[in-house]
2 protein chains.
Amino acid sequence: MSKNICPLNATMNLIGTKWKPLVLFHLLDGPERSGILKSRIPEISNKMFTQTVRELEQDFLISRKVYPVVPPKVEYQLTEKGYSLEKILRDMDEWGRRL
Amino acid sequence: MSKNICPLNATMNLIGTKWKPLVLFHLLDGPERSGILKSRIPEISNKMFTQTVRELEQDFLISRKVYPVVPPKVEYQLTEKGYSLEKILRDMDEWGRRL
DNA sequence: TTGCCTAGTATACAATAAGTTACCTTAAAG
DNA sequence: CTTTAAGGTAACTTATTGTATACTAGGCAA
């Protein structure tokens, strides 16, 4: 009865939600402002967007830069750890293209 | 203003849940009986296991074979479509290994 | 100077998804 | 008789998501 400590579990804990891969994917081509990033994922709600980027930041997959201006300006970008998912994210996108 | 019809969305609709990638991953090495497959994912509840394999079956990622015996015997295996996710699944597992 | 605009986020509450527990099946073993 | 087996269902509780609304503070139009 080996307990399943399959590494995939760890991956799922970090990016195994409906929105995280999408947010990460849309940051692959460089930093984006919050609003623009959000607009690339039209179906996401405000709340889930904020919640998702917060969690990704906590897990060091993205970083958040706040400019102290009004109206607010916030930019997100992938960390190195986030970028290390590039191949997986692009493969998943490619896989979806063939459906 | 381009609405985001990113293929990754399609992928997420098929495997973008907490359990689906895990179920698929544990079928990569061949067909498994229901109980054994489930035991490889100890944290999954009975209900979520059944629900997950049902959805994967509907989406033609796995197939389900029922043997008319008592007690029941049911086997799951990846379809060709399911196998086409092999690289992604193994990469995700590998990524988790390095955390 | 009242009041609306902006972008990012926060909050309260409703809806949906996930987890828990109990129980069904039927044949053979004890 | 009673228990055990594997797989699954149904009823119910809790956790996660989604929706609608509002806040912030400087700039600007009326």
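In what follows, chains carry the letters A, B, and so on, assigned in the order in which the sequence lines appear, proteins first and then strands, with residues in each chain numbered from 1.
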Asks: When you measure from the side-chain N and O atoms of B:Arg33 to the phosphate of D:dG7, is any distance below 4.0 Å, counting only OP1 and OP2?
Replies: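 B:Arg33 to D:dG7 OP1/OP2: side-chain N or O found under 4.0 Å.
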Asks: Quick one, give me the B/S/- string for nucleotides 24-30 of chain C, reading 5' to 3', where B means a protein heavy atom under 4.0 Å from the base and S means that only happens at the primed atoms, P, OP1 or OP2.
Replies: --BS---
Asks: Classify every nucleotide of nucleotides 8-18 of chain D by which part a protein heavy atom approaches to under 4.0 Å, writing B for the base, S for the sugar-phosphate alone and - for neither, in 5'-to-3' order.
Replies: BS-------BB
Asks: According to salt bridge (charged side-chain N to carboxylate O under 4.0 Å, His left out), does anything in residues 19-32 of chain A pair up with another residue at least two apart or in another chain? List the pairs.
Replies: A:Lys20-A:Glu55, A:Asp29-A:Arg90, A:Glu32-A:Arg40
Asks: B:Asp93 side chain to A:Leu8 main-chain N or O, any donor-acceptor pair under 3.5 Å?
Replies: yes
Asks: Can you tell me how far P of C:dG8 sits from NZ of A:Lys73, to the nearest Å?
Replies: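 To the nearest whole Å, that distance equals 9 Å.
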Asks: Within 45° of the axis and under 6.0 Å from the centre of the six-membered ring of B:Phe60, does NZ or CZ of B:Lys81 qualify?
Replies: no
Asks: Once you round to the nearest 0.5 Å, how far does CG of A:Leu89 lie from CE of B:Met92?
Replies: 10.0 Å
Asks: Give a yes or no on whether the backbone of A:Cys6 and the side-chain of A:Asn9 come within a donor-acceptor separation of less than 3.5 Å.
Replies: yes
Asks: I'd like to know if the side chain of B:Lys18 reaches the main chain of B:Ile44, judged simply by a donor and an acceptor atom lying under 3.5 Å from each other, with no hydrogens or angles considered.
Replies: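 Absent.
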Asks: Check whether B:Thr79 reaches the backbone of B:Leu61 with its side chain - one donor and one acceptor, N or O, closer than 3.5 Å.
Replies: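 Judged by distance alone, yes, a pair lies under 3.5 Å.
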Asks: Using whole Å, report how far NZ of A:Lys65 lies from P of C:dG8.
Replies: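 My rounded result for the distance is 14 Å.
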Asks: If you group Ile, Leu, Val, Met, Phe, Trp and Tyr by side-chain heavy-atom gaps below 4.5 Å, do A:Ile36 and A:Trp19 land in one group?
Replies: no
